[in-house]
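One structure below.
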There are 2 protein chains.
Amino acid sequence: MAVPLYQAKAEFFKTLGHPARIRILELLSERDHAVHELLESIAIEPSNLSQQLAVLRRTSMVVSYRRGSEVVYSVSVPEVRDLLLAARSILSGIAASQADLEPELTPVSAVAR
Amino acid sequence: MAVPLYQAKAEFFKTLGHPARIRILELLSERDHAVHELLESIAIEPSNLSQQLAVLRRTSMVVSYRRGSEVVYSVSVPEVRDLLLAARSILSGIAASQADLEPELTPVSAVAR
DNA sequence: ACACGACTTGCGAATGTTATCAAGTCATGT
DNA sequence: ACATGACTTGATAACATTCGCAAGTCGTGT
């Protein structure tokens with residue numbers, strides 16, 4: 001409330017602005033995962049993963065619970081999935097428009113004829 | 001291409017992860033603005049604004065052109081508008097769910113009765 | 001009680017981002 | 001040609017993020 005909306009938005013996007021956190025959210029939006037499962041798919045140190053998970057927890061994007069000896073994470077904001085999909089389509093749009101411009105910047109020898 | 005998609009996504013979100021850049025995109029998604037117009041609405045130094053605009057330009061989110069003595073910016077990826085709206089609704093969802101939990105953490109004296 | 005696997009936390013070095021100041025470019029009016 | 005307004009760029013200090021290592025917690029099986 002005291003925080004202006006545009007600042008909250010910036011913080012929200014900032015927490016999405018890290019490759020490991022993107023991967024985590026992609027995996028979690030398929031299904032819940034225990035930490036050691038995430039670890040198999042994402043090649044980083046356990047402590048690093050744990051820290052990235054903490055970032056996502058702080059912003060309430062994921063929640064965790066203990067199941068026996070493992071800790072399971074799940075997305076608490078399902079809309080994040082849409083955001084990731086939206087990002088993908090926007091990115092492919094940008095990539096396509098840059099491909100149009102590229103010939104002007106690319107040596108002729110590199111251009112297929 | 002060589003860059004994995006999840007990394008491109010992270011970079012994309014990272015460029016959204018700054019309050020000034022959010023404000024810029026919000027203003028530009030209403031209509032094109034010259035830099036001095038943005039400056040009136042966003043209270044930062046001209047050079048700082050210019051740098052934030054440069055970040056948005058680098059990621060192809062905005063484009064600029066000169067009109068006489070002024071430089072006009074416009075969004076090149078209209079879908080960004082949807083993203084900003086989506087962020088807002090997600091944030092208000094998170095805020096609402098936190099309001100539910102808050103009473104447990106708030107001193108009784110601070111709670112209206 | 002002890003060992004082990006599954007995580008998390010604290011710490012510090014390396015790295016990246018942001019804000020400000022000074023200097024520079026470019027177009028327009030005089 | 002010169003001054004002025006509108007921006008951009010370069011340099012740098014302050015600040016924030018990230019990563020790996022060591023150490024710690026918490027369950028489960030022995």
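Just so it is clear, the model here is predicted, and its values are computed rather than measured. Chain naming here is simple, since letters A, B, ... match the order of the sequence lines and numbering starts at 1 in each.
- With sequence neighbours left out, the side-chain hydrogen bond (donor to acceptor under 3.5 Å, both in side chains) criterion links B:Glu26 to A:Lys9.
- Among pairs with a residue in residues 80-98 of chain A, none fulfils salt bridge (charged side-chain N to carboxylate O under 4.0 Å, His left out), at least two apart in sequence or across chains.
- By the side-chain hydrogen bond (donor to acceptor under 3.5 Å, both in side chains) test, B:Ser64 is found to be paired with no residue, residues two or more places apart in sequence or in another chain being considered.
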Quick one: what's the B/S/- string for nucleotides 18-24 of chain D, heavy-atom cutoff under 4.0 Å, read 5' to 3'? SBBBB--

Dump the pairs, protein N or O against N or O of nucleotides 23-28 of chain C, anything under 3.5 Å, distances to one decimal.
none

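- B:Lys14 and B:Glu11 are not joined by a salt bridge, as no carboxylate oxygen comes within less than 4.0 angstrom of a charged side-chain nitrogen.
- Contacts with DNA chain C (heavy atom under 4.0 Å) in residues 33-43 of chain A: A:Ala34, A:Val35, A:His36, listed by number.
- The hydrophobic cluster containing A:Val72, built from Ile/Leu/Val/Met/Phe/Trp/Tyr side-chain heavy atoms closer than 4.5 Å, also comprises A:Tyr65.
- By the side-chain hydrogen bond (donor to acceptor under 3.5 Å, both in side chains) test, A:Tyr6 is found to be paired with no residue, residues two or more places apart in sequence or in another chain being considered.
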N/O donor to acceptor pairs below 3.5 angstrom from side-chain atoms of residues 50-58 of chain B, sequence neighbours left out:
from, atom 1, to, atom 2, distance (Å)
B:Gln52, OE1, B:Arg21, NH1, 2.7
B:Gln52, NE2, B:Asn48, OD1, 3.0
B:Arg57, NH1, B:Tyr73, OH, 2.7

Look for any protein N or O under 3.5 Å of an N or O in nucleotides 2-4 of chain D and output each such pair with its distance, or none.
none

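- Listed by chain and residue number, B:Ile94, B:Gln98 satisfy the side-chain contact (heavy atoms from CB on, under 4.5 Å) test with A:Ser60 (two or more places apart in sequence, or in another chain).
- Every residue meeting the side-chain contact (heavy atoms from CB on, under 4.5 Å) condition with A:Thr59, not counting sequence neighbours, appears here in chain and number order: A:Thr15, A:Met61.
- For D:dT9, one of the phosphate oxygens OP1 or OP2 lies less than 4.0 angstrom from a side-chain nitrogen or oxygen of B:Arg57.
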